[in-house]
Q: 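My questions all concern the structure below.
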Number of protein chains: 2
Amino acid sequence: MTTDQAVAPPSAGLRERKKRRTRAALVRSALELFTRNGYDHTTVDEIAEAVDVSQRTFFRYFANKEEVAFAAQEATDSHFFAALTARPAGEAPLAALRGAALDAWDTIGEAVTELVPPDLYMRMYSVIESTPALLAVHLRRTAELEERLAREIARREGLDIETDPRPRLVVAAFSGVIRVAGRLWSEGEDTSMEALRELTAFHLDHVGAALTGHWSERQE
Amino acid sequence: MTTDQAVAPPSAGLRERKKRRTRAALVRSALELFTRNGYDHTTVDEIAEAVDVSQRTFFRYFANKEEVAFAAQEATDSHFFAALTARPAGEAPLAALRGAALDAWDTIGEAVTELVPPDLYMRMYSVIESTPALLAVHLRRTAELEERLAREIARREGLDIETDPRPRLVVAAFSGVIRVAGRLWSEGEDTSMEALRELTAFHLDHVGAALTGHWSERQE
DNA sequence: GAGGCTAGTGTCAGCGACTGACAATTGACA
DNA sequence: TGTCAATTGTCAGTCGCTGACACTAGCCTC
């Protein structure tokens, strides 16, 4: 088994299909157990047993227990990145990021559904935010995505990311905002996709103002 | 043993002093081993043995292996937070954060030295940034600090953090910038405190411009 | 300053995440 | 059909971490 968790070429050999099925089954069982019993109270043995493979096989598909928890996020991350590369070249950096985020929310459902039911994805998001070990990994993964985004922004603007700090700066500010929105969403009542989309748009529209000057009565 | 890792009341009983010495010795030995051999290649047994206590005792001082790695950061974090609360009330949010960051760099040396030699602190920072498991925890800790900062900003401005997103927004953008600066520093040649201070100031002065409009020749 | 109290430590047993090694199975392909 | 290589299971072992229990050593009282 190599690094072939990418999209599925229609069918390929029996071996390939079997591997994909096993992997998908592991992801689904894992997320179900995580959301039902909690991440910490789920052992790798349980996950493996639910799919009827050995623990050793589990670790041949996933480097560690955390990795299976992020299998679905992985899909949406690359979805968002792709949305950015698809934005018109003329757009300003922050506008492009904003556009990509909103585009992504519109089409993310399909991208996820192939792997797990959407509601499972949603519930898993809450588990991640409320499990310290997973939250930590989530933040690291986000940082890695940010790096890719910054490089893409630099490319769009024809800048050298090693010498010009601005690409990383916008991305850092941008995703700080995204995180705030995501957190409010996962803590709030309305856990629908639409709610998340709206929260994101709303907060992005207020960064500029929030960064300058005083807030009390006067300015802004 | 309770939660008494705070500052040292001059001497207290023998018991107290002994505990503090053990704790400090564990931190120092741990950081030395981490920076010399790497975090992953250092076992808790080795750390405990270096201080001549049992592994079980190590885990009575630190909840886990990660915690000892962040003992020094803990000191600087609260140092920075204190610097923020000391800023004049009239200052605008971003200005106060900027001021606190620069104030903190000026006096952070002393705060750290009591625990470990400064160069060990510096080298440990690099280890954290380059060790995935530690980087993840670092980011989570940072997120927690951000939450405290946001609450303090809200307090200064007399806002309700539950309903007004702006405190979290500035802090998110602000610390995104800090992180970019910190990373460039830990990757760069000049690993001095001054270099970090300068990088921080420089980047903070450029967020505003970076967030608005296009960058190429034209505007800005 | 002897004796009791209790905080702090060591030892031991055990769980769960993870890994290397090796043998058994099973697609793939000539 | 037989060979080759990819997948998998089994086993043994390391490391992080925890509960239980016994022991030691400061501390405090009489």
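Fair warning: this is a prediction, and the values are worked out from it, not measured in the lab.
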Q: Apply the salt bridge (charged side-chain N to carboxylate O under 4.0 Å, His left out) test between Asp103(B) and each candidate in Arg87(B), Arg98(B), Arg197(B); give the one that qualifies.
A: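 By the salt bridge (charged side-chain N to carboxylate O under 4.0 Å, His left out) criterion, Asp103(B) pairs with just one of Arg87(B), Arg98(B), Arg197(B): Arg87(B).
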
Q: To the nearest angstrom, how far is Asp40(A) atom CG from dG16(D) atom C1'?
A: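 Distance check: Asp40(A) CG to dG16(D) C1' gives 14 Å.
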
Q: Roughly, in whole Å, what's the span from CD in Glu67(A) to C1' in dC18(C)?
A: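 Interatomic distance, CD of Glu67(A) to C1' of dC18(C): 13 Å.
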
Q: Are any of Lys18(A)'s side-chain N or O atoms less than 4.0 Å away from OP1 or OP2 of dG27(C)?
A: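 Result: yes.
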
Q: Do the charged groups of Arg156(B) and Glu152(B) touch, with an N to O distance under 4.0 Å?
A: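 Looking at Glu152(B) together with Arg156(B), the answer is no, because their closest N to O distance does not fall below 4.0 Å.
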
Q: Nearest-Å distance, CD (Glu49(B)) to P (dG16(D))?
A: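 Going from CD in Glu49(B) over to P in dG16(D) covers 13 Å.
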
Q: Of the listed nucleotides (dA28(C), dC18(C), dC21(D)), which one gets closest to any side-chain atom of Arg15(A)?
A: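 The answer is dA28(C), which lies nearest to the side chain.
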
Q: It should be established whether Thr57(A) places a side-chain nitrogen or oxygen under 4.0 Å from OP1 or OP2 of nucleotide dT8(D).
A: no

Q: Distance check needed: dG16(D) C1' versus Lys65(A) NZ, whole Å only.
A: 13 Å

Q: Take the protein atom CZ of Phe58(B) and the nucleotide atom P of dT18(D), then report the distance between them rounded to whole Å.
A: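 Going from CZ in Phe58(B) over to P in dT18(D) covers 11 Å.
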
Q: Short question: side chain of Ser29(B), backbone of Leu26(B) - any donor-acceptor pair under 3.5 Å?
A: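 It does not hold such a pair.
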
Q: Return the nearest nucleotide to the side chain of Thr22(B); candidates are dC12(C), dT9(C), dG9(D).
A: dT9(C)

Q: Regarding dG9(D), can its base be found pairing with the side chain of Arg60(A) as donor and acceptor, where the two atoms are less than 3.5 Å apart?
A: yes

Q: Rounded to whole Å, how long is the line connecting atom CZ of Arg21(A) with atom P of dT26(C)?
A: 15 Å

Q: Test the Lys65(A)-Tyr39(A) pair against the cation-pi criterion, namely NZ or CZ under 6.0 angstrom from the six-membered ring centroid and within 45° of the ring axis.
A: yes

Q: In whole angstrom, what separates Gln55(B)'s CD from dT18(D)'s C1'?
A: 10 Å

Q: Using modelled atom types only, decide if a donor and an acceptor are shared between the side chain of His138(A) and the backbone of Leu134(A) within a distance under 3.5 Å.
A: no

Q: Check every atom of dT8(D), dC18(C), dG16(D) against the side chain of Phe59(B) and return the nucleotide holding the closest atom.
A: dG16(D)

Q: Write down the distance between CG (Asp45(A)) and C1' (dC11(D)), rounded to a whole number of angstrom.
A: 14 Å

Q: Let me know, please, whether Thr43(A) or Arg56(A) comes out on the 5' side of the other along DNA chain C by nearest nucleotide.
A: Thr43(A)

